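Below is one structure, written out as structure tokens; the observations come after it.
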2 protein chains.
Amino acid sequence: MKLLADPLRAHIVRLLAEGPACTCHLVADTGATQSNVSNHLRALRHAGVVAAEPWGRFTYYRLQADVIEAAAEQLGALAARARATVDARREC
Amino acid sequence: MKLLADPLRAHIVRLLAEGPACTCHLVADTGATQSNVSNHLRALRHAGVVAAEPWGRFTYYRLQADVIEAAAEQLGALAARARATVDARREC
DNA sequence: GGCTGAGATCAGGCTGTGGTGATATCAGTT
DNA sequence: AACTGATATCACCACAGCCTGATCTCAGCC
């Protein structure tokens with residue numbers, strides 16, 4: 001969840017949502033350093049948000065839709081819960 | 001979005017999802033300092049995630065379900081987009 | 001008016017973490 | 001095997017953001 005908080009990581013995730021891409025694409029599209037992108041990709045990889053697929057000399061990254069969807073559902077449940085309890089004001 | 005990344009803020013949001021509560025409730029339930037909670041509430045307020053409702057001497061906070069739901073929908077759209085483009089591998 | 005208790009605000013310290021540069025690895029290619 | 005280009009890893013610095021402690025405001029109450 002907190003992984004999507006970083007602007008560059010969010011950018012990477014948005015790019016990957018448009019289809020699997022290799023690191024060079026992400027570096028070119030974000031304009032960030034290769035080291036930087038790679039570091040963020042490692043964080044996303046360890047969290048299971050993206051999956052790495054070596055393809056010859058390149059490494060393709062694929063966004064794991066399930067993980068994103070799970071986060072979305074958690075937020076949705078929170079919103080629903082909030083709506084259901086609008087009148088449950090606790091007394092001091 | 002990145003507001004929910006902080007553990008304490010996430011805790012506060014979860015508590016508020018169970019119904020509007022005043023600052024003293026949040027302070028008691030989270031075990032955090034009053035200053036700390038108040039600071040986080042300000043951040044959430046400025047982002048429109050929560051709304052403050054003065055009630056006599058107290059201040060009740062209410063979670064804005066719309067904002068949470070909007071975030072959830074954005075994530076959902078991202079996941080859907082990722083699913084739709086699983087085979088759109090870009091060439092290097 | 002003076003007091004008390006809830007809450008907001010501010011200044012400072014400290015830690016976590018993102019960015020950078022240099023280096024290591026590893027797969028093709030000659 | 002030597003070379004190149006893609007990617008990963010590491011060490012370091014710098015800054016943002018969290019936490020705390022102290023102070024300020026404001027509402028209700030005596």
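All values reported here derive from a predicted model rather than from experimental measurement. Chain naming here is simple, since letters A, B, ... match the order of the sequence lines and numbering starts at 1 in each.
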- Note on the structure: By side-chain hydrogen bond (donor to acceptor under 3.5 Å, both in side chains), A/Arg90 pairs with (sequence neighbours left out) B/Asp29
- Message: List the residues meeting side chain to side chain contact (heavy atoms under 4.5 Å, CB included) with A/Ala32, not counting sequence neighbours, and say none if there are none.
- Response: A/Leu8, A/Thr30, A/Asn36, A/Val37
- Item | Residue list, side-chain hydrogen bond (donor to acceptor under 3.5 Å, both in side chains) with B/Gln64, at least two apart or on another chain | none
- B/Ala10: what forms a side chain to side chain contact (heavy atoms under 4.5 Å, CB included) with it, not counting sequence neighbours? B/Arg14
- Task: Please collect all salt bridge (charged side-chain N to carboxylate O under 4.0 Å, His left out) contacts where either partner lies in residues 41-61 of chain B, sequence neighbours excluded, each pair once.
- Result: A/Arg89-B/Glu53, B/Glu53-B/Arg62
- Of the residues in residues 48-63 of chain B, which ones touch DNA chain C at a heavy-atom distance under 4.0 Å? B/Arg57, B/Phe58, B/Thr59, B/Tyr61
- Message: I'd like to know if the side chain of A/His25 and the backbone of B/Glu91 have a donor-acceptor N/O pair within less than 3.5 Å.
- Response: yes
- Is there a residue in residues 16-30 of chain A whose heavy atoms reach under 4.0 Å of DNA chain D, and which residues are they? A/Cys22, A/Thr23, A/Cys24
- Item | Remaining members of hydrophobic cluster (4.5 Å side-chain criterion), A/Tyr60 | A/Trp55, A/Phe58
- Sequence neighbours left out, what passes salt bridge (Lys or Arg N to Asp or Glu O under 4.0 Å) with B/Arg81? Give chain and number order. A/Glu18
- Rounded to whole Å, NE2 of A/His11 lies from C1' of C/dG18 at a distance of 17 Å
- Query: Among all residues two or more places apart in sequence or in another chain, which pass the side chain to side chain contact (heavy atoms under 4.5 Å, CB included) test with A/Ala84?
  - Reply: none
- Message: I need the CD1-C1' distance between A/Ile12 and D/dT7, as an integer number of Å.
- Response: 14 Å
- Produce a footprint string for nucleotides 15-26 of chain D: one letter per nucleotide, 5' end first; B if the base is under 4.0 Å from any protein heavy atom, S if only the sugar-phosphate is, - if neither. ---SSBBB----
- Message: According to side chain to side chain contact (heavy atoms under 4.5 Å, CB included), who are the partners of B/Gln74, at least two apart in sequence or on a separate chain?
- Response: none
